[in-house]
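The next block holds one structure in the form of structure tokens; read it before the comments.
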Number of protein chains: 2
Amino acid sequence: MLYLVGLGLADETDITVKGLEVVKRAERVYLEAYTSILHVGKEKLEAFYDRPVIVADREMVESSSDEILAGADKADIAFLVVGDPFGATTHTDLVLRAQELSIPTKSIPNASILNAIGATGLQLYNFGQTVSMVFFTETWKPASFYDRIRENTSIGLHTLILLDIKVKEQSLENMARGRKIYEPPRYMTVAQCAQQMLEIEDEKKESVYSEDSLAIGCARVAADDQKFACGTLRELCDTDVGPPLHSLVLLGKRAHELERDYIRLFAVNEQTFDQSWNKYHAKE
Amino acid sequence: MLYLVGLGLADETDITVKGLEVVKRAERVYLEAYTSILHVGKEKLEAFYDRPVIVADREMVESSSDEILAGADKADIAFLVVGDPFGATTHTDLVLRAQELSIPTKSIPNASILNAIGATGLQLYNFGQTVSMVFFTETWKPASFYDRIRENTSIGLHTLILLDIKVKEQSLENMARGRKIYEPPRYMTVAQCAQQMLEIEDEKKESVYSEDSLAIGCARVAADDQKFACGTLRELCDTDVGPPLHSLVLLGKRAHELERDYIRLFAVNEQTFDQSWNKYHAKE
């Protein structure tokens, strides 16, 4: 059996009792380490599980999935995923490959950023579709997020934006020369996300949002040092919420006054918060 | 400290290691038992935790919250919630009351139906806002869900519909006479939800969905006997997916072919599935 085990969001104790039982008895344990990260390293997990953990990078999962699945028809293999196994869409290939090989699969659910974001005080009922933001380059600035956000804002809903992470990237030069030398990992910050959002609004000028739209910068959600900063997109361009992972919520028009009272506690600047709230969110 | 501890969705082992530590050391342990249910009873939880659990019904949480919070300024109190603490919105009052009393609060996240619904094979990215369906009565048929679904379908998104549960209800007669005699619990079924949806469409006639719209009836999501049935709303009116809890997903137009391949495995009738898919979801 291939088990996809959700690890939750913060540390080694966020695994479920059911998930831990699977990890303890599995023949091999893989840790998916390229779509998200816990706030503890592999060593901490190994000590907690009292067994070795194999870090699976994207290359391994995409090119060597049969290696991961070897023997899974007879023994149990645990594939650990930060958050919930269904949170990221990238593991479908592994599951489909297992099915081709007649290997049964099972998911052990856990908290995902999609529900843990409720810690902001925003109602989960008021969120539209979740979108992703990738790192822009000089020549590649994918803006499909802009249309998705428009769809959400057009019906007054909040948008959760998940931010890019880059792990085991090669420089163009190293890639060209076939050298397996990797750049340090990069995690998009709330400030970078806000800047990219404003860059695209500035280019398209369709008023999907603007410099004084309210958003919440979120860092290390569900961890003890979780941090929220609520401000205008312009303010968030200069706001440092600390170490990764970050995400951002753009406020929908339909935001309720109970939600306001809660998120105002995180306001970067209460005066500008009130101005933007009154401009975009206050009911007549 | 007041801890809101998510229990996950199926059985006693879905609690996180972190959550279990809190339960083991808390002075008192309450189980919120009116917005959702696990598939195991209080006794199973007590045996697993090796300590007593106090069942908290709606009346207790809403009218006697100070009793729950007594001593929480000095000791730890655990308030257990099925799924994720942020999944339901009804605990805000308890948290606000704790804050008034200067009692710190902390949430221990867990899986919620909002992410576990990914087990259907539908992409969580393609869901719009979540809606709730309550039991209709002869005189009360709240239809606000219809407008919410329209908003989602207008931008092609799936809608997760959470179904009503009624626990410790009194009959009108018993209520009038002040007798604390309660009706047996009721859990809305997929079939009842589909019927109520068609009843409202039939009344409003705004073509938000129709008899042959595709939906997935979901039962006991994340449990070993989890069951999905994909069919038209008309078919689901006559489909029995077994014991509670149920929920329903109405398919959005933007459904992807990879999603189709997955959900077709649960089709009540492959022929009608293909007809509806081709009518509403196939790309030109």
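What you are looking at is a predicted structure, and each value in this text was computed from that prediction instead of being measured. Chain letters run A, B, ... following the sequence lines, proteins first, then strands; residues in each count from 1.
- Within 6.0 Å of NZ in A/K253 there are 12 or fewer heavy atoms belonging to other residues, nucleotides or ligands.
- Using a 4.5 Å cut-off between non-hydrogen atoms, the part of residues 105-114 of chain B that approaches chain A consists of B/K106, B/P109, B/N110, B/A111, B/S112, B/L114.
- Screening B/D11, B/D14, B/T13 for a side chain to side chain contact (heavy atoms under 4.5 Å, CB included) with A/V17, the sole residue that qualifies is B/T13.
- Residue contact with chain A, scored on non-hydrogen atoms closer than 4.5 Å, involves the side chain of B/A10 exclusively.
- Rounded to the nearest 0.5 Å, atoms OG1 (B/T16) and CG (A/L20) are 11.0 Å apart.
- Of residues 37-44 of chain A, no residue lies under 4.5 Å from chain B by any heavy-atom pair.
- At a heavy-atom separation below 4.5 angstrom, chain A is approached by B/Q99 within residues 96-103 of chain B.
- Proximity to chain A is limited to the side chain of B/E21, based on heavy atoms less than 4.5 angstrom apart.
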Donor-acceptor contacts, no H, no angles, side chain residues 153-163 of chain A, under 3.5 Å, sequence neighbours left out:
{"unit_1": "A/T153", "atom_1": "OG1", "unit_2": "A/I149", "atom_2": "O", "d": "3.1"}
{"unit_1": "A/T153", "atom_1": "OG1", "unit_2": "A/R150", "atom_2": "O", "d": "3.1"}
{"unit_1": "A/S154", "atom_1": "OG", "unit_2": "A/R150", "atom_2": "O", "d": "3.4"}
{"unit_1": "A/S154", "atom_1": "OG", "unit_2": "A/E151", "atom_2": "O", "d": "2.7"}
{"unit_1": "A/H158", "atom_1": "ND1", "unit_2": "A/G252", "atom_2": "N", "d": "2.9"}
{"unit_1": "A/H158", "atom_1": "NE2", "unit_2": "A/E259", "atom_2": "OE2", "d": "3.2"}
{"unit_1": "A/T159", "atom_1": "OG1", "unit_2": "A/N152", "atom_2": "ND2", "d": "3.0"}

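- Note on B/G6, B/A116, B/A119, B/G19: by heavy-atom pairs under 4.5 Å with chain A, the leading option is B/A119.
- Most heavy-atom pairs under 4.5 Å with chain A: of the set B/G118, B/A222, B/G83, B/S132, this distinction falls to B/G118.
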